[in-house]
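Input: a single structure, listed below in structure tokens.
Note: hydrogens, waters and symmetry copies are ignored here, and every other heavy atom, side chains too, is used. Indexing begins at 1, ligand by ligand and atom by atom, following the structure's order.
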Amino acid sequence: MAFEQEIQRRRTFAIISHPDAGKTTLTEKLLLFGGAIHVAGAVKSNKIKKTATSDWMEIEKQRGISVATSVMGFEYKNYKINILDTPGHQDFAEDTFRTLTAVDSVIIVVDAAKGVEAQTRKLMQVCTMRKTPVMIFVNKMDREGKDPFDLLDELEAELGIGVRPLSWPINIGQKFKGVYNIYQEKLNLYTPNKQKVSETVPVDLNSAELEKFVGEEDAKKLRADLELIDGVYNPFDVNTYLSADIAPVFFGSALNTFGVNELLDCFVEIAPAPLAVEAQERKVTPSEEPFTGFIFKIHANMDPNHRSCIAFVKICSGKFERNVGYKHVRLGKQLKFSSPTAFMAQKKETVDEAYAGDIVGLPDTGNFKIGDTLTSGEELHFKGLPSFSPELFKYVENADPMKTKQLQKGLDQLMGEGVAQIFTHQNNGRKIIGTVGQLQFEVIEYRLLHEYGAQVRWDPISLYKACWIESDDAKELENFKKRKFQYMAKDKDGRDVFLAESGYLLQMAQSDFEKIRFHFTSEF
Ligand code: G4P
């Protein structure tokens, strides 16, 4: 296949949702369609059991082959699809946010009964910031849920994006009869079945045929609903989806393999092929022949016998080849990879070549940090891997004075891997670790001890948010830093960070210092 075609047929995306909305089930059904797996129930590994223990080692054990499920590739209708896993539950971490910087689009799964929940809202903020095209799948229509019009309003209000239904449910819960596919103008009748794909029938909405399929009452309601949709929403325009202004919405039941086919067909048709990526020096287009890529995730192997990591590189342009030398820009070093891995379904296998849009895993022994750029020789630095304001903070203290150096080295390495963020308090010089999930503290403590022989103690600090600050008015900035000295810190790159103790104090600071801009990500 021609080089350009190889890239155009790639669709790299993430499914995001609140735990339990159905992400695993939907992923599994997508793989089923792609023929990548043959029975439902196969994708269990990217999921932590709900009996969830807060013990990190136990979680790590359960994750088992989580590296393989970090990316799941499969072929469908001549498209090469790459799904990036966004871990939820207890292992929710900054990593999850960062994964979204490596995708070209996103599918959000929402539980019809619960609507938009906290984790979805958080992850959507990253999509909004990056203007990532979003599609929404309203799941569990086979259960009692909210009124679909109310849900659409909620999606718009909570996610801050316009919506446009492309399928419409006929009743819900026990009376659920199926969906009318607005995009294809077909009726999809519901038969609960976990393994088989339901059938669609073309139907003229204005003929009596509709009554035959769904009964008089539901036919009447469907016609009225569709009329209302046409009145309220503009006709669907793909460009508004690509510009991240409108999210097309589908309804279905992942568990019953219902509505998933329509979602996937529409997705491959309209979702963007790999997009251009901004580097500090210039914009890089995927079809440029020289290879470029960046590291967005580093997965440490927790097995003490195999202490290596896997660095995940998103290919931004060209073709990546095994055993070819590439430039590690930050280190100014030439590196060759003899066993790069790609991910097909749930299998990890060595690859000889991969194209823009693909993700490749590179075995690593400490060469890579999050955000590192690899190229065929050009001096490039990809942008767009911001740190996000953590939500949980603790002072980290050295519990073994004999191991100060080891602790320093360990912290440097772990922060480089993007496990958490470190800040240095200006007032007392103490180090603060910030995370988005409680578990990360356990991860850090364990890894510092087992990989670096360093021991830490955590001291509490009550903080609400850390925000990066800037201002066009240098004097005002100095004034702010002086006045708020006891709340100021530096991030790992030496940038100024304001430590807000509460939402109220943050608001006060914002209103007292109107010329200061407060940012919740490190890139602005
Ligand atoms: P997650 O990855 O987003 O956390 O959710 P997951 O797919 O594991 O789904 C959470 C629960 O919701 C699972 O049930 C799953 O079977 C169920 N589910 C998913 N899609 C649908 C649907 O369309 N309709 C209905 N009724 N249920 C659905 P569970 O009992 O918690 O787990 P399991 O024992 O089935 O794995």
Would you mind listing which atoms of ligand 1 come within a distance below 4.0 Å of any non-hydrogen atom of [X]?
{"X": "Ser17", "value": "3 (O)"}
{"X": "Thr25", "value": "6 (P), 7 (O), 9 (O), 15 (C), 19 (C)"}
{"X": "Pro19", "value": "4 (O)"}
{"X": "Ala254", "value": "23 (O)"}

Proximity of [X] to ligand 1 by residue part, where a heavy atom lies under 4.0 Å:
{"X": "Lys140", "result": "both"}
{"X": "Asn139", "result": "side chain"}
{"X": "Ser253", "result": "both"}
{"X": "Leu255", "result": "both"}

Can you give each donor-acceptor pair under 3.5 Å made by side-chain atoms of residues 232-240, sequence neighbours left out, with the distance rounded to 0.1 Å?
residue : atom : partner : partner atom : Å
Asp237  : OD1  : Asn239  : N            : 2.9
Thr240  : OG1  : Asp237  : O            : 2.6

* To do: Kindly assign one of parallel, tilted or perpendicular to the pair His450 and Tyr446, based on the angle between their ring planes and the thresholds 30° and 60°.
  =>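 Rings of His450 and Tyr446: parallel, under 30°.
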
salt_bridge([X], [Y]) N-O dist < 4.0 Å:
{"X": "Arg9", "Y": "Glu75", "value": "yes"}
{"X": "Glu6", "Y": "Arg10", "value": "yes"}
{"X": "Lys122", "Y": "Glu391", "value": "yes"}
{"X": "Arg164", "Y": "Asp230", "value": "yes"}

* If you measure from each heavy atom of Asp20 to ligand 1, is any distance below 4.0 Å? ->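 Flag set, Asp20 near ligand 1.
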
* Pairs meeting criterion salt bridge (Lys or Arg N to Asp or Glu O under 4.0 Å) with involvement of residues 170-179, two or more places apart ->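 As it turns out, the salt bridge (Lys or Arg N to Asp or Glu O under 4.0 Å) pairs with a partner in residues 170-179, which skip direct neighbours, are Lys177-Asp218.
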
* Asked: Among Lys29, Met141, Lys23, whose heavy atom sits nearest atom 3 (O) of ligand 1?
  ->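 Ranked by closest heavy atom to atom 3 (O) of ligand 1, first place is Lys23.
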
